[in-house]
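First up is the structure itself, then whatever we jot down about it.
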2 protein chains.
Amino acid sequence: MPPRKTGHAKAQSFPAPNHDHAACATDALARAERLCRARGVRFTEIRRCVLKAIWQSHAPIGAYDILAGLNAKGARHAPMVVYRALEFLQANGFVHRVASQNAFIGCAHPDEGHDSQFLICRKCGTVAEIANAAVSTALANAAPGFAVESRTVEISGVCPHCKDHSHA
Amino acid sequence: MPPRKTGHAKAQSFPAPNHDHAACATDALARAERLCRARGVRFTEIRRCVLKAIWQSHAPIGAYDILAGLNAKGARHAPMVVYRALEFLQANGFVHRVASQNAFIGCAHPDEGHDSQFLICRKCGTVAEIANAAVSTALANAAPGFAVESRTVEISGVCPHCKDHSHA
DNA sequence: GAATGGAATGTTATATCGTAACATTCCTCA
DNA sequence: TGAGGAATGTTACGATATAACATTCCATTC
Ligand SMILES: [Zn+2]
Ligand SMILES: [Zn+2]
Ligand SMILES: [Zn+2]
Ligand SMILES: [Zn+2]
């Protein structure tokens, strides 16, 4: 299979600035809808709007920015509305919380397991979710006697795209 | 007689519930004072008090709980006071922020590099800071092309001590 | 022992993030 | 069609963090 570079972001690669992001968002919403149907849970209008707001970009978005988007057309939703939707979306693996930024990011593979790590670009804000087996293995072996339940791995730095353009 | 476990916590081991924690705190404050002198920076009374509050235990403490401690004797410090001290203590490696809890924890080896990871016990709240070489290596290799600047690795679960006592 | 200038702290106000509690509406299914 | 649970509306509040500017402290210099 020939590598494609202009399709929607492939797992493990950092999202390029000029990729077809509309496809990312469309795909994510479609996946969520399909998975909700399969799981017998309701993908309501608010949940869809919140997920859509999160998929506006590959940068994490804060709950109150999501709220502003919800209310942009005159609605007067309260913060609870957003946090409840986020709770649902996280429980279903559609969204991850970026702890180091108190913000939220869409998940590109909500149907698989979630032993993943995040790369966060300090310059453009873009976040890439990776699932590196060596990291997972190392983490699993790092804490003998400790019963691991969840992991938060967030790596900050400069992404390849920003690095290439920083010598100007 | 069980093996003696009452010395102060050794690197890489999870702090035991009954260890001599007064020694942890005393040592941490003494180390901080010595390092500040060596670095030509001021270890002021407020900074000392904040660091002492943080070393009350091996569980992360929130900024406002630190503030309450500062103000316990009648003072009326504002939150800024605590956050400024925390900024200084973090910059000097005496304190780490636990992103997943918006709280702060003392560092047991502020004179070394800080490529470390945190184990957080869900039951007792205790946090162990470890520096696992395999994890560091795996993380370094996980993101080719990405210029890493800082890492947040926080593993939640149940510590060995709580696990041993959970069968009641 | 003043003058000075940066570091540290004091102070007020506000921004940002998150949840409790209870009322109402909506949807499903018997 | 009428429960009954899920979802949302609404009000109020709690928790975390920073901006901006005034004042004080302290080491250095003259
Ligand atoms: Zn995209
Ligand atoms: Zn970037
Ligand atoms: Zn201790
Ligand atoms: Zn424990």
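Lettering follows sequence order; numbering is per chain, from 1.
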Exercise for the section: Figure out the CD1/P separation between B/Ile46 and C/dA7, and round it to whole Å. Expected result: 17 Å
Handout entry: Length of the CZ-C1' vector between B/Phe43 and C/dA7, whole Å
Key = 17 Å
Practice task
Could you state the atom-to-atom distance from CZ of A/Arg42 to P of C/dT28 in whole Å?
Solution key: 6 Å
Exercise for the section: Tell me whether B/Ile130 is reachable from B/Ile120 by hopping between hydrophobic residues (I, L, V, M, F, W, Y) whose side-chain heavy atoms are closer than 4.5 Å. Expected result: no
Exercise for the section: Indicate yes or no: does B/Asp115 engage B/Arg151 in a salt bridge with an N to O separation below 4.0 Å. Expected result: yes
Exercise for the section: Using atom types as modelled and distance alone, determine if a side-chain donor or acceptor of A/Glu33 lies under 3.5 Å from a backbone N or O of A/Phe43. Expected result: no
Practice task
Treat each ILVMFWY residue as a node, draw an edge where side-chain heavy atoms are under 4.5 Å apart, and state whether B/Val153 and A/Phe146 are in one component.
Solution key: yes
Problem - Cluster check A/Leu35, A/Leu86: I/L/V/M/F/W/Y, side chain < 4.5 angstrom - result: yes
Practice task
Answer with yes or no whether the hydrophobic clustering places A/Phe118 together with A/Phe104; edges join I, L, V, M, F, W, Y residues whose side-chain heavy atoms lie under 4.5 Å apart.
Solution key: no
Exercise for the section: Specify whether A/His58 and A/His19 have parallel, tilted or perpendicular ring planes, treating 30° as the upper limit for parallel and 60° as the lower limit for perpendicular. Expected result: tilted
Practice task
For B/Arg76, report the nucleic acid contact type (base, sugar-phosphate, nothing); a contact means any heavy atom under 4.0 Å.
Solution key: nothing
Practice task
I would like to know whether A/His96 and A/Glu129 meet side-chain hydrogen bond (donor to acceptor under 3.5 Å, both in side chains); could you show each step before the answer?
Solution key: CA-CA 10 Å; A/His96 294 292; A/Glu129 180 178 2; 3.0 Å; yes
Problem - Range on DNA chain D touched by chain B, heavy atoms, distance below 4.0 Å - result: D/dT16 to D/dC26
Handout entry: Donor-acceptor contact below 3.5 Å, side chain B/Gln117 vs main chain B/Asn132
Key = yes
Fill in the blank from the handout: Rounded to 10°, the angle between the first-five-pair and last-five-pair axes of the helix from C/dG1-D/dC30 to C/dA30-D/dT1 is 20°
Practice task
For B/Glu45 and C/dA7, give me the distance from atom CD to atom C1', rounded to whole Å.
Solution key: 17 Å
Exercise for the section: Determine yes or no for a side-chain-to-main-chain donor-acceptor pair under 3.5 angstrom, with A/His21 supplying the side chain and A/Trp55 the backbone. Expected result: yes
Practice task
Say whether B/Glu149 and A/Ser156, considering side chains only, have a donor N or O and an acceptor N or O under 3.5 Å apart.
Solution key: no
Listing time: all N or O pairs from protein to nucleotides 15-19 of chain C that are below 3.5 Å?
unit_1: C/dG18; atom_1: OP1; unit_2: A/Arg97; atom_2: NH1; d: 2.6
unit_1: C/dG18; atom_1: OP1; unit_2: A/Arg97; atom_2: NH2; d: 2.7
unit_1: C/dG18; atom_1: OP2; unit_2: A/Tyr83; atom_2: OH; d: 3.1
unit_1: C/dG18; atom_1: O5'; unit_2: A/Tyr83; atom_2: OH; d: 3.4
unit_1: C/dG18; atom_1: N7; unit_2: A/Tyr64; atom_2: OH; d: 2.7
unit_1: C/dG18; atom_1: O6; unit_2: A/Tyr64; atom_2: OH; d: 3.3

